[in-house]
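Before any comments, here is the structure.
Position 1 is the first residue of the sequence; numbering continues from there. No experiment lies behind these values; they were computed from the predicted model shown.
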Amino acid sequence: MPTESFVPVIESLLDTDLYKFTMWQAMLHRHPAAQAEYRFICRTRPESALSELAPALDRQLDHLCTLRFHPEELDYLRGLRYIKPDFVDFLSLFHFQRHFIRVTTRGGDLEVVARGPQVHVMAFEVFVLAIINELYFRRYQTTEVLAEGRRRLRDKISLLQAFSREPARRFPLLISDFGLRRRFSRAWQEEILQQLRQDVPHYLTGTSNVFLARKHDLTPVGTMAHEYLQSYQAFGKVRLRDFQRAALEDWVQEYRGDLGIALTDVVGMDAFLADFDLYFAKLFDGLRHDSGDPIAWGERAIAHYQSLRIDPAGKRLVFSDGLDLPRALELYRHFADRVQPAFGIGTHLTNDLGPTPLNIVMKLFQCNGMPTAKLPDSPGKIHCTDETFLAYLRQVFGQTK
């Protein structure tokens, strides 16, 4: 019986989100000896067991660990003004180590754990998620499903074209593709971007996918994710109460004015705003929303800037929590005359073809042997396996369950 031919999901180490590089550089410079553990999570019950993917995932990871950055890819990264020469030199030597990542199954569940030096394991995340998604959805790559995806894409484009006839507001509509990690396939993400760039180029401001940004001359978009701030919960020289301030300060020192969008929900908006004083509010260009009610969050952000006597019109609010296009337009209409809104749309761009998308993540659970936790404004996004640490974190930041 002939064996199925191997088709790699990942063929370039640039085929990942920009913020993996920006956090990676910061960690290499600030905490190069940190040890970390990342775990895969599926938040919903898929239609077929993910455990079936384990052999194929192992094979894809074997392939991933053979990849290197090509000289022209390194030249592209070197051309981004916030990427520093020594980090590019590090990447020229880098390749994934297979023994740092393990795939197992439990019943119908798929378990993936990456454990080792943080600067060697943190980049696994997006690749693992993209691989699992594409392996899972290969069974749905039929003519009918792709036709439905193209019909839905045409509807999105028509919605944007209709929106363009609305009266202009103070600030423009800015939409970026954040859909790499949950994409239907690499080819589909590229088709989406090409079509949007052709039909509504004035609304598409960029993509988080560095490979496609380079290939199609788009702006690569992204700053920081939860793992960056969570890591500071475990660094011994930082009091737990001060971890956000320490992380933000290191980011400021690393990027000196670039990449100035701060993530607000690692321990909730209340705790974030308590730390986001006049110093940080002036240094950062804006904030990113990723949990809780987006309108309430945006109003609180505007009020906070006003309380510091900062004009909100000079700041950007980035919305990226499970958005679809109608919701993004609703938020735009609400905020666009008072603050600069921007929208990162993921699954609803790159995996909206009919089959139910997977809700999967790969999160940091330990750093330097200590637990880390995410306590956002949406209870379903809480991640921590150590209930004692979770309770202590809540106590420190005055949270109730």
Side-chain angles (χ1 to χ4, degrees), residues 17 148-184 188-189 191-209 212-213 218-219 221-223 261 263-265 269 285-303 305 312-354 356-357 359 377-378 381:
D17 286 330
E148 175 62 16
R150 292 181 181 117
R151 184 193 68 77
R152 295 184 183 197
L153 177 58
R154 287 193 299 271
D155 288 346
K156 294 179 178 70
I157 291 169
S158 296
L159 184 60
L160 286 171
Q161 291 170 335
F163 167 81
S164 69
R165 295 189 285 273
E166 293 186 11
R169 298 178 184 267
R170 184 176 182 182
F171 297 108
L173 175 66
L174 306 175
I175 296 173
S176 296
D177 156 44
F178 279 13
L180 193 165
R181 64 189 53 222
R182 295 180 187 163
R183 66 192 181 188
F184 182 76
W188 180 247
Q189 184 182 21
E191 182 175 335
I192 290 278
L193 283 172
Q194 289 177 298
Q195 200 66 51
L196 291 173
R197 193 178 188 199
Q198 175 182 306
D199 293 343
V200 285
H202 42 298
Y203 295 134
L204 180 66
T205 59
T207 175
S208 64
N209 186 322
L212 292 178
L218 294 165
T219 301
V221 179
T223 55
I261 302 296
L263 183 61
T264 66
D265 72 331
M269 187 64 160
D285 297 323
L287 307 174
R288 179 162 77 91
H289 170 266
D290 200 50
S291 64
D293 181 274
I295 289 180
W297 174 89
E299 293 295 345
R300 290 199 64 196
I302 289 172
Y305 282 123
K315 297 297 180 178
R316 185 174 305 287
L317 299 184
V318 180
F319 297 86
S320 62
D321 181 26
L323 291 180
D324 59 17
L325 193 52
R327 182 59 165 157
L329 294 178
E330 177 188 348
L331 293 170
Y332 173 80
R333 295 181 185 108
H334 185 86
F335 288 109
D337 288 324
R338 295 180 291 153
V339 70
Q340 302 170 37
F343 304 92
I345 304 180
T347 307
H348 290 283
L349 270 185
T350 61
N351 206 336
D352 183 21
L353 302 90
T356 303
N359 188 349
D377 296 309
S378 297
K381 288 188 167 185

Exercise for review: Please check if the side chain of Ser176 supplies one atom and the backbone of Thr207 the other of a donor-acceptor pair under 3.5 Å.
Suggested key: no
**Study point:** Sidechain-backbone polar pair: His289 side chain, Ser291 backbone, donor-acceptor under 3.5 Å
**Key:** yes
Review point. Does the Asp337 side chain pair with the main chain of Arg170, one donor and one acceptor, at a distance under 3.5 Å?
Key: yes
Check your understanding: Are side-chain heavy atoms of Leu329 and Leu173 found at a separation under 4.5 Å?
Key -> yes
Check your understanding: Parallel, tilted or perpendicular: which fits the ring planes of Phe343 and Phe319, with parallel below 30° and perpendicular above 60°?
Key -> parallel
Exercise for review: For residues Pro312 and Tyr305, report the shortest heavy-atom separation together with the two atoms involved.
Suggested key: CG-CB, 4.2 Å
Point to revise | Whether Tyr332 side chain and Phe171 backbone form a donor-acceptor pair below 3.5 Å | key: yes
Point to revise | Arg288 CZ to Thr264 OG1 distance, which is reported to the nearest 0.5 Å | key: 8.5 Å
Check your understanding: What distance separates Ile157 CD1 from Arg154 CZ, expressed to the nearest 0.5 Å?
Key -> 9.0 Å
Practice item. Ignoring hydrogens and angles, tell me if any N or O in the side chain of Gln340 forms a donor-acceptor pair with the backbone of Leu317 under 3.5 Å. Key: no
Review point. Checking Thr205 side chain against Ile175 main chain: does a donor-acceptor pair fall under 3.5 Å?
Key: yes
Check your understanding: Heavy atoms, side chains only, cut-off 4.5 Å: are Asp377 and Met269 in contact?
Key -> yes
Review point. If you look at every heavy atom in Leu287 and Ala301, which pair is closest and at what distance?
Key: CD1-CB, 3.9 Å
Review point. Do you know the tightest heavy-atom contact between Ile295 and Glu330?
Key: CD1-OE2, 4.4 Å
Exercise for review: Side-chain contact test, heavy atoms from C-beta onward, threshold under 4.5 Å: evaluate it for Leu218 versus Leu212 and give yes or no.
Suggested key: no
Review point. Is the shortest heavy-atom distance from the side chain of Phe178 to the side chain of Leu323 under 4.5 Å?
Key: no
Review point. Looking only at heavy atoms, what is the nearest atom pair of Arg165 and Gln161, with distance?
Key: NH1-O, 3.5 Å
Review point. Heavy-atom distance under 4.5 Å between the side chains of Leu153 and Leu196, does that happen here?
Key: yes
Practice item. For a side-chain contact (heavy atoms from CB on, under 4.5 Å) with Phe184, tell me which candidate from Ile192, Leu353, Thr347 qualifies. Key: Leu353
Review point. Looking at Arg183, Arg150, Arg182, Lys156, which one forms a salt bridge (charged side-chain N to carboxylate O under 4.0 Å, His left out) with Asp352?
Key: Lys156
Practice item. List the steps and the verdict of side chain to side chain contact (heavy atoms under 4.5 Å, CB included) for Gln189 and Thr350. Key: CA-CA 5 Å; Gln189 184 182 21; Thr350 61; 3.9 Å; yes
Check your understanding: Below 4.5 Å, heavy atoms only, C-beta onward: do Arg327 and His348 meet side chain to side chain?
Key -> no
Practice item. Supply the atom-to-atom distance Asp321 CG to Asp293 CG, rounded to the nearest 0.5 angstrom. Key: 10.0 Å
**Study point:** Spacing of Asp155 atom CG and Leu325 atom CG [to the nearest 0.5 Å]
**Key:** 10.5 Å
Exercise for review: Give a yes or no answer on whether the side chain of Asp177 reaches the backbone of Asn209 with a donor-acceptor pair at less than 3.5 Å.
Suggested key: no
Exercise for review: Only counting residues at least two apart or in another chain, list the ones meeting side-chain contact (heavy atoms from CB on, under 4.5 Å) with Pro326.
Suggested key: Leu159, Asp324
Exercise for review: Considering non-hydrogen atoms only, spot the tightest contact between Leu160 and Tyr203 and give its length.
Suggested key: O-CE1, 3.6 Å
Check your understanding: Between Asp17 and Ser208, what is the shortest heavy-atom contact and its length?
Key -> OD1-OG, 2.6 Å
